[in-house]
2 protein chains.
Amino acid sequence: MQNASDFTIDFMKALKRRSQCPISSSLEIWGDKWSLLIIRDLMFNKKLTYGDLLKTEEKISTNILANRLVMLENHGLIQKLVHPESKAKVLYQLTPKGVDLIPVIVEINLWAEKYFTLTEEKKSLIKEIKMDKEKFILDSMNSLLQP
Amino acid sequence: MQNASDFTIDFMKALKRRSQCPISSSLEIWGDKWSLLIIRDLMFNKKLTYGDLLKTEEKISTNILANRLVMLENHGLIQKLVHPESKAKVLYQLTPKGVDLIPVIVEINLWAEKYFTLTEEKKSLIKEIKMDKEKFILDSMNSLLQP
DNA sequence: AAAATCACTTGCATTTTGCAAGTAAATTAA
DNA sequence: TTAATTTACTTGCAAAATGCAAGTGATTTT
């Protein structure tokens with residue numbers, strides 16, 4: 001289905017921008033139902049395997065996950081790492097470009113807290129954000145950027 | 001194609017959440033390539049007609065625009081207004097729920113400015129945001145919330 | 001009255017999504 | 001050592017969404 005040259009076509013298509021608008025350009029990379037969920041998971045867990053990402057509550061499909069990981073990797077938001085214990089496993093982590101999406105993730109959380117009913121766990125996370133948003137963002141980014 | 005009962009099914013489907021996660025719940029409403037572009041346009045222009053929204057640089061298709069407008073309206077992010085001059089025209093504007101997405105839009109702009117080449121116009125907008133982000137957000141929201 | 005504009009709707013081809021089975025390489029269990 | 005399991009995808013297929021362009025009924029303009 002999706003072989004190397006098909007993928008290249010998709011990737012090249014994504015490089016051709018609908019407009020010069022920053023919002024539009026961004027949505028072309030991660031404006032779908034799944035990509036920010038992957039960013040979310042890597043933000044909270046630092047390094048995850050393909051299998052870890054498959055097991056989330058939202059139950060992403062294998063082909064969608066594979067496709068999104070390749071897109072995010074090719075756009076420089078995530079990178080693959082060698083797994084310390086197993087050649088069969090791949091680890092993914094955010095790049096600095098991906099880490100820079102944390103303020104977006106934080107603002108989405110704040111918006112959602114206002115309009116959705118959330119679990120106590122999510123509520124306490126958001127309470128923590130609200131105590132000092134900028135500090136939360138900075139700490140999260142620093143934590144993710146060190147090895 | 002999309003009649004009232006088909007639409008109800010779609011809308012009810014969107015109410016059933018993949019998970020309790022705030023990010024996931026949000027993406028289920030506006031996590032696509034087009035919805036935040038509509039929010040963007042209403043943020044900068046306050047009230048727009050269907051035809052105005054069709055004429056943007058990104059060239060959204062008529063069926064996609066119609067579908068997104070209905071979804072955003074049904075989820076309470078935008079509302080329709082009677083046009084002061086014409087029964088043929090409909091005006092759309094952001095509700096407070098939609099206005100509350102401005103911090104998200106702002107953070108996306110800041111992210112994009114770091115990773116894309118932007119026009120001078122967009123650069124100066126972002127320069128203005130950076131001068132005092134919270135003030136920019138507050139002023140934008142207040143401006144949109146008054147009649 | 002005819003033509004143009006408006007907000008959609010529709011037909012159709014293409015693309016994407018989602019389900020579930022498949023595959024080759026690596027690892028673990030027997 | 002062999003067999004079974006795990007891993008990261010890949011694939012086949014049906015359903016759903018997207019995008020192009022024409023269509024439609026109501027309203028407005030010529």
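- Residue pairs meeting the salt bridge (charged side-chain N to carboxylate O under 4.0 Å, His left out) criterion with at least one partner in residues 92-111 of chain B, sequence neighbours excluded, are A:Lys114-B:Asp100, B:Glu107-B:Lys133.
- A donor-acceptor contact under 3.5 angstrom links the side-chain atoms of B:Thr62 to the base of D:dA21.
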| query | Checking salt bridge (charged side-chain N to carboxylate O under 4.0 Å, His left out) for the pair A:Arg17/A:Glu28: CA distance, chi angles, key distance, verdict? | reply | CA-CA 8 Å; A:Arg17 290 151 70 179; A:Glu28 282 181 314; 5.5 Å; no
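- Distance, A:Ile64 CD1 to D:dA17 P: 13 Å, rounded to whole Å.
- Look at CG on B:Asn67: it is 11 Å from P on D:dG19, rounded to the nearest Å.
- Within the 4.0 angstrom heavy-atom criterion, only backbone atoms of the sugar-phosphate kind lie near A:Lys80; the bases stay farther away.
- Distance CG (A:Leu65) to C1' (D:dA8): 9 Å, rounded to an integer number of Å.
- Put simply, NE2 on A:His83 is 16 Å from P on D:dT6, counting in whole angstrom units.
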| request: Would you mind building the protein contact string for nucleotides 22-30 of chain C? One character per nucleotide, 5' to 3', B for base within reach (heavy atoms under 4.0 Å), S for sugar-phosphate only, - for untouched. | output: ----SS---
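- In this structure, a donor-acceptor pair under 3.5 Å is absent between the side chains of A:Thr95 and A:Gln79.
- Linking ILVMFWY residues whenever their side-chain heavy atoms come closer than 4.5 Å, directly or via other members, leaves B:Leu81 and B:Ile78 in distinct clusters.
- Of the side-chain N and O atoms in B:Ser61, none sit less than 4.0 angstrom from OP1 or OP2 of D:dT18.
- The stretch residues 33-58 of chain B comes close to DNA chain D through B:Trp34, each having a heavy atom under 4.0 Å from the strand.
- Using a 4.5 Å heavy-atom cutoff, the side chains of B:Asp52 and B:Asn45 are not in contact.
- Atoms NZ (B:Lys59) and P (D:dC20) sit 10 Å apart, rounded to a whole Å.
- Between A:Ile29 and A:Leu77, some side-chain heavy-atom pair lies under the 4.5 Å cut-off.
- No chain of hydrophobic side-chain contacts below 4.5 Å, direct or via other Ile, Leu, Val, Met, Phe, Trp or Tyr residues, connects A:Leu138 to A:Leu42.
- None of B:Ser25, B:Pro22, B:Ser24 except one satisfies the side-chain contact (heavy atoms from CB on, under 4.5 Å) rule with A:Phe116; the exception is B:Ser25.
- For the side-chain contact (heavy atoms from CB on, under 4.5 Å) with A:Leu48, the lone residue among A:Val90, A:Leu54, A:Asp41 that qualifies is A:Asp41.
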